[in-house]
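Naming: A, B, ... by sequence-line order, numbering from 1 per chain.
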Amino acid sequence: VNSDPLHDLLQNADEHFPAPRLREEIARRARRRIDRRCKVKSVAAIVLALLIVAPFARMMLPRHHSPTISSPPIGDDSSEIALIAQLTANDIIAQRKASEGVSRPSSIDPIITLHMELDQTAAILLAGGDHLMRDPTQKTAAAAEYRQARDLFPATPAAAVADQRLQQLGL
Amino acid sequence: MWTMQTMATGADDAQTCGSDLIRRLVAGEAAAFDEMANLYASRIAALSYRLLGWSGDVDDVVQEVLMIVLQKAGDFRAESSLWTWLAAITVNRCRDHQRRMRVRRFLSRGLSLLAPPADRAAMDDETAGQVRVAVSALSPKLREVIVLYYLQGMSTAEICEIVGASTSAVEVRLHRGRIQLRSLLSKLSEELKR
């Protein structure tokens with residue numbers, strides 16, 4: 001090697017360009033760099049795992065169906081009446097049950113079901129009459145509704161309310 | 001797993017770095033790692049500086065070499081010289097470093113791939129500067145064998161172990177490297193012309 005002129009040229013160049021001095025504590029810095037890389041790798045692994053698992057987790061979780069409330073379209077009188085009637089009937093039924101102290105039967109009694117349906121029908125008529133009462137020109141039609149509720153379903157709470165309304169109208 | 005046979009530098013290694021230190025290093029002892037870093041960091045720096053064509057961020061390369069030693073010290077079976085193992089890691093790290101630098105330069109479209117910065121080249125001694133440019137102009141594989149052979153004083157067998165190539169491949173690279181260097185440096189000296 002020593003007889004090779006390339007050797008001398010390279011050695012001279014090497015002496016001309018001495019290696020720069022290393023900064024202090026290179027071993028400690030290498031250790032810190034490894035620690036940082038490990039931390040970054042573990043965080044990246046967690047994030048990756050979450051990204052992979054997330055779609056499956058959504059599929060596995062039980063779905064809770066939230067009830068959708070659909071309101072009737074504005075201006076549709078029949079739907080509005082039905083809704084009001086339903087709500088009124090439910091209120092009346094709830095009040096009656098509360099006053100009688102009757103707990104809900106575990107099995108459906110046909111007699112109770114019949115009473116409930118009668119109450120509900122009378123309430124629908126009452127609600128229809130209330131709706132018509134909003135329009136001053138429809139008072140006669142409203143009175144007809146109240147009369148039907150009172151006469152056809154006399155034993156219902158809605159019939160009593162309808163009778164009161166007729167008295168207020170002076171009919 | 002580093003399983004090469006013991007070579008000539010093993011004796012030199014035993015003088016520089018006792019077998020006890022190697023044993024503790026393989027066992028993962030922190031103090032042994034610090035001791036090894038103190039012993040070899042400057043040698044690793046010198047080798048990487050030469051492999052990078054007497055330029056580049058040597059500190060970064062040395063750090064990377066030490067990180068690999070720290071992570072893979074358990075794989076070292078002490079059947080070879082510790083320095084040979086470290087030199088092999090350094091050669092690989094320098095290859096990666098040069099690859100990254102080439103990508104960076106390509107992206108920045110700034111400096112030439114071969115020449116050192118203009119202001120520094122101007123300051124260099126003319127001959128040394130041209131040698132540096134010529135060595136930098138060699139492909140990494142040719143530069144590695146030239147540096148290891150001429151500047152590190154390693155034998156062909158050691159170079160084979162370090163670069164992971166056969167004896168004939170190393171000899172071919174050495175031959176091609178010489179021809180290319182002579183061609184590049186032909187203007188410098190009549191001695192180089194045959």
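- A:R33 has a carboxylate O that lies under 4.0 Å from a charged side-chain N of B:D60, or vice versa, which qualifies the two as a salt bridge.
- Taking all atoms of both residues into account, the shortest heavy-atom contact from A:A30 to B:Q63 is CB-O, 3.9 Å.
- Side-chain atoms of A:R31 come within 3.5 Å of backbone N or O of B:A30 as a donor-acceptor pair.
- Note that CG of A:L10 and OH of B:Y149 are 12.0 Å apart. Values are rounded to the nearest 0.5 Å.
- In this structure, B:Y49 and A:P18 approach most closely via the heavy-atom pair CE2-O, 3.4 Å.
- Under the 4.5 Å side-chain contact rule for hydrophobic residues, A:L118 and A:I93 do not share a cluster.
- The CG atom of A:D35 sits 9.5 Å away from atom CE of B:M67, with the distance rounded to the nearest 0.5 Å.
- At a threshold of 4.5 Å between side-chain heavy atoms, the hydrophobic network of Ile, Leu, Val, Met, Phe, Trp and Tyr places B:L52 and B:V62 in one connected group.
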With a 3.5 Å cut-off and sequence neighbours excluded, list the donor-acceptor pairs that the side chains of residues 154-171 of chain A form with protein atoms.
| residue | atom | partner | partner atom | Å |
| --- | --- | --- | --- | --- |
| A:T156 | OG1 | A:F153 | O | 2.7 |
| A:T156 | OG1 | A:A159 | N | 3.3 |
| A:D163 | OD1 | A:R150 | NH1 | 3.2 |
| A:D163 | OD2 | A:Q167 | NE2 | 3.2 |
| A:R165 | NH1 | A:D130 | OD1 | 2.3 |
| A:R165 | NH1 | A:D130 | OD2 | 2.8 |

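- When every heavy atom of B:S42 is checked against every heavy atom of A:L22, the shortest pair comes out as N-CD1, 4.2 Å.
- Contact record, A:A27 with B:A37: CB-CB, 3.7 Å, taken as the closest heavy-atom pair.
- The pair A:R28-B:D34 does not meet the salt-bridge criterion, since no charged nitrogen lies less than 4.0 angstrom from a carboxylate oxygen.
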Using residues 37-49 of chain A as the side-chain source, report each donor-acceptor pair under 3.5 Å to any protein atom, sequence neighbours left out, with the distance given to one decimal.
| residue | atom | partner | partner atom | Å |
| --- | --- | --- | --- | --- |
| A:S42 | OG | A:C38 | O | 2.6 |
| A:S42 | OG | A:K39 | O | 3.1 |

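- Put simply, CG on B:D59 and CD1 on A:I26 are 4.0 Å apart, with the number rounded to the nearest 0.5 Å.
- Linking Ile, Leu, Val, Met, Phe, Trp and Tyr residues whenever their side-chain heavy atoms come within less than 4.5 Å places B:Y40 and B:L66 in a single cluster.
- Contacts of B:V135 with chain A are made by side-chain atoms alone, with heavy-atom separations under 4.5 Å and no backbone atom involved.
- The CG atom of B:L181 sits 9.0 Å away from the CG atom of A:L9 when rounded to the nearest 0.5 Å.
- Between A:H7 and B:Y150 the shortest heavy-atom distance is CD2-O, 3.6 Å.
- No side-chain donor-acceptor contact under 3.5 Å links A:D14 to the backbone of B:L151.
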